[in-house]
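Working notes, beginning with the structure itself.
All chains are named by letter (A, B, ...) in the order of the sequence lines, taking the proteins before the strands, and each is independently numbered beginning at 1. Atoms considered below: every heavy atom in the structure, side chains included; atoms not considered: hydrogens, waters and symmetry mates. Note that the structure is predicted; figures quoted are calculated from it, not measured.
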Amino acid sequence: MALKTEELVLNMGPQHPSTHGVLRLEVQLEGELVTKVTPHLGYLHRCFEKHAEAMTYPQVIPYTDRMDYLASMYNNFGYVIGVEKMLGIQVPERVEYIRIIMGELQRIASHMVALGTYGLDIGAFTPFLYLFRDREKILTLFEITCGARLLYNYMWVGGLSHDLHPDFERLTREFISYFRPNIDELNNLLTYNKIFVERTANIGVLPKETAINYGITGPNLRASGLKYDLRRNDPYSIYDRFDFEIPVGEGLVGTVGDCWDRFYVRVLEMEQSLKIVEQALNQLPEGDINEALPKRVKPPKGSIYQRVENPKGELGYFIISDGTVNPFRVKVRAPSFVNLAILNELSKGHLVADIIAILGSLDIVLGEIDR
Amino acid sequence: MKTAKEILEILQKKFPEIEFSLVEDEPSDQIIFTDALKIHEICEFLRDGEGLKFDTLMNLSGVDDANGEKQTNDDGSETIVGGTLSVYYNLDSIELNHKTTLQVSTSRESPKVESVNLIWRAADWHEREAYDMLGIKFLNHPDLRRILMPYDWEEGSYPLRKDYKDPEFYQGMKVPY
Amino acid sequence: MGLLDQEFLDSNIVIAKSDDLLNWARLSSLWQLSFGLACCAIEMMATSASNYDFDRFGVMPRPTPRQADIIIISGTVTLKMAIRIKRLYEQMPDPKYIISMGSCANCGGPYWEHGYHVLKGVDRVIPVDVYVPGCPPRPEALLEGLLKLQEKIRHETLRTKKA
Amino acid sequence: MYESLVEITGLEIFAAFVSAAMPVAFLVPFVIIAVYLERKVSAHMQDRLGPMRVGYHGLLQTIADFFKLIQKEDIVAEGIDKKFFNFAPFLVFAGSYAVYAALPFSSKYIGSETDLGIFYIIAISGLVVAGILMAGWTSNNKYSLYGAMRSAAQIISYEIPTALVILSIIMWTGTMSLATMSEMQTAYFWNWNILGGPEWGITKFVLIPFLLVAFIILYVSTLAEVNRTPFDMPEAESELVAGYHTEYSGMKFAMFFLAEYGNMFAVSAIVSVIFFGGYQSPFGYLGNTLGIEWLVPFEQVFWFAAKGIFFVFVQMWLRWTLPRVRVDQLMTICWKYLIPYSFVNLLVIGIITLL
């Protein structure tokens, strides 16, 4: 008589320490081996797109903040340059530079959370707190600029809400020289740690072709070895003026496109962002930031798809205008939403512990997935 | 790099029996308008065709065009009868570095669009979302369920339609403020 | 069965003193359910992290509701999530406390008008002890909320309440 | 202790109770301090302060936790096997407490002066596995079950290298009694087993590298046996929520907590007895120098506790530094590395002893 066996269905979340928010994973297991992962979304569906239809164009900006709440600045960024393109506004040089400084600082802050919580998923508690300590310094920079720590509503259509604080430049330079050595500390503590490498190398390998077909973008795509960064490949704002590298996964300790590569690409990107911020500070021109602020935001009839390189990947806004002050439709192409779809593909045949490692390495934000 | 016009010409040559047109009055992007029930083969060609190579689907958005007849109900709310729902496809070619936008429309009463899920896996969740929000049925989609709203949300209630009305209660919880 | 399941009819010195001890123990050791919802969860994490350090007040994150005393509703509660939050609350052992953190959890916040999938205030499903306003509240505000909760616990008693 | 109490009072039951209760007097304050220490140590390693508000620098934190835990509702959910669910935490605690019976706290106090001390410890600590399995199975929770299964597999696997290392030490010292083993490493720290034992000669120096390896193997496998990072698989927070005690609340959870910290000290004490002279002072006794004889046992207790707490501190240190290994890697470490090495070690030490 054959032994009766059945697959174990493990329900992870919505309250689970490492689903990075309110994600629910339905995991089918054979022993500890994963056969299928079904993500269930929508536990944080806050109806962004409905709100966008009911609000005027500038009123939508605070709602964009609340999508990817770890990279609010960048969400503002993408939306306002989209609307500016529809209106045909050219913003002053100073505004462009400030936007880039803020955007890149935000990228560092977002990667800090990504790396820190990834350490937490693997079981290392301390790097998380070190990174959060350093993140506070970036938040302080944002706070002296616009008064908010997390959700800024800083970039406006055609300008910015506040000019830089007189101390901003000095503090930012201090932060850069403070944080550079801390990246090495992180590498010593976590990145090259033998146990960490064992846990992440060769796990969840994402081949380049699959990644492209699934629409994966951002660090996850670059970790698979493709040098594709919208800041270079489809430049927006003034990114073409800066000199920076695009780090790609090289498979230093395992296969190209494994969890470790995804982690390491983010570490390298933080260094590049510091470089961009430094250059932007050196070139920062004087000027009035609210010169181009339109009296009334009322784009002509038509549509636009504006994409930017958010810390998580390609953030796209598809805006349709019907010629009134309210957008007719704003559809957001959220990078995490697309990146998460690959989870099932990646985790098949791995262990339960690896799902956590893979999910963490994708760096998702539920606010953006569910919107 | 190819403009929308050039792509349109290539498509017309390849599929003489399918109607294409260019939506012209756009401020920045020109949009190729085509048939909702032929979108699968068109997209397959766009992905594999020489000189096109659209290897990723950046975005897929469902839109309620709200171009039907507006009827006012007794309680003051509006219902839209007739008209169309549209789906926009934003395609990108990493290899050749060009992009384009496609648009298809379908009737509001029984919205049916062919799924492109098998061409770009990225379309999977986008299509589910369009179904969830607007009720557009994607033919040949393997797993067309609600994705963001609860699975037991009221049948036929699609929040992003322009004439959507909140239900009073969901599982005993009051929905309006 | 917890000690607090019984109530005492009249107050006396023993009860007053044991009240003090038990209240002190409860308020000094509020173990938090490690559970974040939305934007506010990031500020909650920042509060637990080095700069603000929740641990100073004895707040320690516990992954399971069975061992938690306090649940911080940190962010927007959607209709889909509200059912789960209610269940989490029911899984916690008494005495349990709730801090509603941020405008969304208090009243729906910026999503109050068009949020067809947002619960307008978590107090529609579970009883809230302390409301912390802000969108999102700063870590200092959350700490203040915690101190307010401690204040509230300090005045609890074993005695039957007189009508 | 037991015999002398029987002599003094003539009451066997009284003597048994007193000598059995003695470790409690040590264990409970130890756990209170260790939990506090864990939070403080982790906090200071992470640029934080840790508990500050409850008493001076949070000294009363654990006491507050304790009083809170006894107030908590004791939830026994539906679908749980009540009898075993309630019994499991006590079994786990009993398993870890029973170990203390054979620990020589000083030359004057040892719970049970059995000749088979170390053998008894290895045997009795198996109770913990039974308790954990019971807790995981009866909780009727998938996470608990996974935690319990992992824990059982892990503890049983790691008992092999532990036993092999201990065996090699037993071969070499020729005793199974922990008291005798401590007594042998008397006087100064160069007499400790880790430095080749009390006998001078060429063997002492030949043995040192092998003993060092033995010590590392023993320490690693004891870490795994008490489920501490990097081997905290059974309660891996990020995977299994809280592992086998996911469903436990209030005092029953406190029992697990108590058992965990009790175990931490027990294994540290065993390591210190086997390799670091147990209760022996590293450089003579103050009592002997001053001629106050009754001071010596107290000093011994101090050294015993100090060495144990030092190793507990190292465990904490590791916990807040290292990530966690995966469950298959855990088994790989045990079966592919620790067991072969400890076999080789056993052979070498055996040959050296014979020569």
Answer with side chain, backbone, both or neither: which region of [X] has an atom nearer than 4.5 Å to a non-hydrogen atom of chain B?
X	result
Glu49(A)	both
Tyr214(A)	both
Ile369(A)	backbone
Asp322(A)	neither
Glu209(A)	neither

How are the rings of Tyr151(B) and His40(A) set relative to one another: parallel (under 30°), tilted (30 to 60°) or perpendicular (over 60°)?
-> perpendicular
Measuring only between side-chain heavy atoms, which start at C-beta, is [X] closer than 4.5 Å to [Y]?
X	Y	result
Phe337(A)	Ile147(B)	yes
Lys50(A)	Tyr164(B)	yes
Lys331(A)	Leu60(B)	no
Asn90(B)	Arg307(A)	no

Between the side chain of Asp55(B) and the main-chain N/O of Gly215(A), is any donor-acceptor distance below 3.5 Å?
-> no
Between Arg329(A) (side chain) and Gly62(B) (backbone), is there a donor-acceptor pair under 3.5 Å?
-> yes
Most contact-rich option vs chain B, by heavy-atom pairs under 4.5 angstrom, among Val332(A), Ile320(A), Thr210(A), Leu226(A), is Ile320(A)
Partner chain A: residue of Arg47(B), Lys162(B), Met133(B) with the largest heavy-atom pair count (under 4.5 Å) = Lys162(B)
